[in-house]
Amino acid sequence: MLQQQQHTRTDNDADPKLSSISTSTSSSSSSSSSSSVTSITPSYPLSPHQGQKVDGFLVSLTSSPSELALMDMLRRKNISCLYTVTAHEDTVESLLVHGDTVYSASWDHTIRVWRMEGTQLIPENTYVCTSDVRALLLHNNKLYSGCGNGTVQVWDIVTRQASSMTVRRHSDDVLAMAIMDNRLYTGSSDNTIKKWDLDTLECLDTLRGHCNWVFALVPYNNRLYSGSSDHSIKVWDGQSSSCIMTLSGHSDQVRALVVADGKLFSGSYDCSVKVWDLNTHECLHTIRLYNEVFGIGAAAGYLFTGDENGAIKIWDLVSYTCLHTLSEHNGSVYAFATAGSKLLSASSDTTIKIWA
């Protein structure tokens, strides 16, 4: 049974004006329209800094009201949990936002569909999958789920029905997915990455090189980046599918990857996030944490990290300083999404929380 809690935010500080914010978002797809973040239009006015450089960042004239509202929220002195829902019966590992719809995926073999109303999530539908759902991706009104039995299942979000495309070519869990150049890539605990035709789900190639689980995939500029339990990040050419580089530096499993502000961020069980230049592939900076990093996300010039003990940290991408620590989850934080001026988080404690 779903349990919902409404929280009241007590914040006596007026919202500060926008300062030192970039306007980037992250995605596992080369098409920004299939991003897992933003769309609910808030009532915030446009920033007075639009089109100006503020502390080194350009606030774009094309920044959406949702992005600007998120920037303003993240600059507040206090961020509070406004709402909690017990969303699943097991770990919630994936979270997507599309318009006013939220999708959550869990080890309990389900994808749940929610309608976001203000600061609440209203349950609308449940998709029952063939196994525990380890990865979720949305593209062109199709929802792709990667499952623990090695299958990829496709759902039509318009008809809300499973399509006839369910394939199993991996011999173990599908842990990560990404889309690049009309190709679907899946990473697995069978140590491989598979490349699929997005329309037919025909397997076109198998990328071998990692010697342990492939936890994370992210595309950038016709290159695919993969993070693995073998402590490495590999860079793959989108045309030839060949590994062109290996990034070393982590001392434990690379659990999560995200691209933001022209840089690659990698979160690891070695209690760090490394920042990589996407042109030279040099490690620019290492953010040190106290606990293993399970999830990372980025939006509007900020980085979000979730750790094994349930703490969420929000980092400024100019100074790499921690601005907020949010500590209300009771389990590892796996996933983030944003909706207008709100941040959503998902955890092994079976809940989704909304922050503002």
Side-chain angles (χ1 to χ4, degrees), residues 1-5 28 36 81 83-98 101-116 120-138 142-157 159-163 165-168 170-177 186-190 213-217 229 255-256 292 294-297 306-310 312 328-337 339 343-355:
M1 179 176 293
L2 302 180
Q3 298 180 4
Q4 305 185 32
Q5 301 176 33
S28 291
S36 64
C81 181
Y83 179 80
T84 300
V85 59
T86 302
H88 289 269
E89 297 176 1
D90 208 331
T91 293
V92 188
E93 189 164 358
S94 297
L95 199 59
L96 296 176
V97 173
H98 179 67
T101 303
V102 177
Y103 299 89
S104 59
S106 171
W107 296 3
D108 67 6
H109 297 201
T110 68
I111 301 168
R112 288 204 165 134
V113 185
W114 311 82
R115 185 179 72 259
M116 193 165 187
Q120 296 189 43
L121 296 178
I122 310 301
E124 287 199 326
N125 201 6
T126 300
Y127 302 153
V128 179
C129 300
T130 56
S131 182
D132 48 319
V133 188
R134 304 300 306 273
L136 205 59
L137 189 149
L138 183 63
K142 290 181 180 178
L143 189 67
Y144 297 80
S145 56
C147 297
N149 60 358
T151 64
V152 175
Q153 193 165 4
V154 186
W155 308 84
D156 188 317
I157 67 169
T159 64
R160 298 188 175 183
Q161 299 294 323
S163 78
M165 291 192 293
T166 299
V167 293
R168 180 177 181 179
H170 283 289
S171 60
D172 214 331
D173 301 38
V174 177
L175 301 174
M177 295 188 292
T186 54
S188 171
S189 53
D190 66 11
W213 295 13
V214 181
F215 265 125
L217 297 173
S229 294
R255 185 61 179 77
E292 295 179 351
F294 271 66
I296 59 176
D307 73 24
E308 59 179 329
N309 290 337
I312 297 169
E328 293 202 22
H329 277 296
N330 295 315
S332 304
V333 178
Y334 280 88
F336 297 98
L343 174 66
L344 287 72
S345 59
S347 169
S348 62
D349 65 11
T350 74
T351 71
I352 300 170
K353 292 183 180 289
I354 298 178
W355 308 83

**Request:** With sequence neighbours left out, write down each residue that passes salt bridge (charged side-chain N to carboxylate O under 4.0 Å, His left out) with Asp173, or none if nothing qualifies.
**Result:** Arg134
**Item:** Contacts of Arg168 that satisfy salt bridge (charged side-chain N to carboxylate O under 4.0 Å, His left out) - sequence neighbours left out
**Value:** none
**Residue from Asn125, Leu137, Leu136 passing side chain to side chain contact (heavy atoms under 4.5 Å, CB included) with Tyr103** = Leu136
**Message:** By the definition side chain to side chain contact (heavy atoms under 4.5 Å, CB included), identify the one residue from Val97, Thr101, Ile352 that meets it with Trp114.
**Reply:** Ile352
Non-hydrogen side-chain atoms of [X] and [Y] separated by less than 4.5 Å:
{"X": "Ser131", "Y": "Thr151", "answer": "no"}
{"X": "Phe336", "Y": "Leu343", "answer": "yes"}
{"X": "Ser188", "Y": "Val214", "answer": "no"}
{"X": "His98", "Y": "Leu96", "answer": "no"}

**Request:** Verify, without hydrogens or angle tests, whether Asn330 (side chain) and Asp349 (backbone) share a donor-acceptor contact under 3.5 angstrom.
**Result:** no
**Request:** Kindly write out the residues that satisfy ring-ring contact (aromatic ring centres under 6.0 Å, His included) with Phe215, not counting sequence neighbours, or none if the list is empty.
**Result:** Trp213
**Message:** Tell me every residue that passes ring-ring contact (aromatic ring centres under 6.0 Å, His included) with Tyr144, counting only those two or more places apart in sequence or in another chain.
**Reply:** none
**Request:** Might you work through the side chain to side chain contact (heavy atoms under 4.5 Å, CB included) test for Leu143 and Ile111, ending with a clear yes or no?
**Result:** CA-CA 10 Å; Leu143 189 67; Ile111 301 168; 4.0 Å; yes
**Prompt:** What orientation do Tyr334 and Trp107 show, parallel under 30°, tilted 30 to 60°, or perpendicular over 60°?
**Reply:** perpendicular
**Item:** Rounded distance [0.5 Å steps], CD in Gln153 versus SG in Cys129
**Value:** 5.0 Å
**Request:** Any chance you could measure His109, atom NE2, to Ser145, atom OG, to the nearest 0.5 Å?
**Result:** 12.0 Å
**Asked** Closest approach of His88 and Ser104, non-hydrogen atoms and distance?
**Response** NE2-OG, 2.8 Å
**Residue pair Ser94 / Ala135: nearest heavy atoms and the distance that separates them** = OG-CA, 3.6 Å
**Item:** All side chain to side chain donor-acceptor pair (under 3.5 Å) counterparts of Asn309, not counting sequence neighbours
**Value:** Asn291
**Asked** How would you list, by chain and number, every residue that makes a side chain to side chain donor-acceptor pair (under 3.5 Å) with Ser345, sequence neighbours excluded?
**Response** His329, Trp355
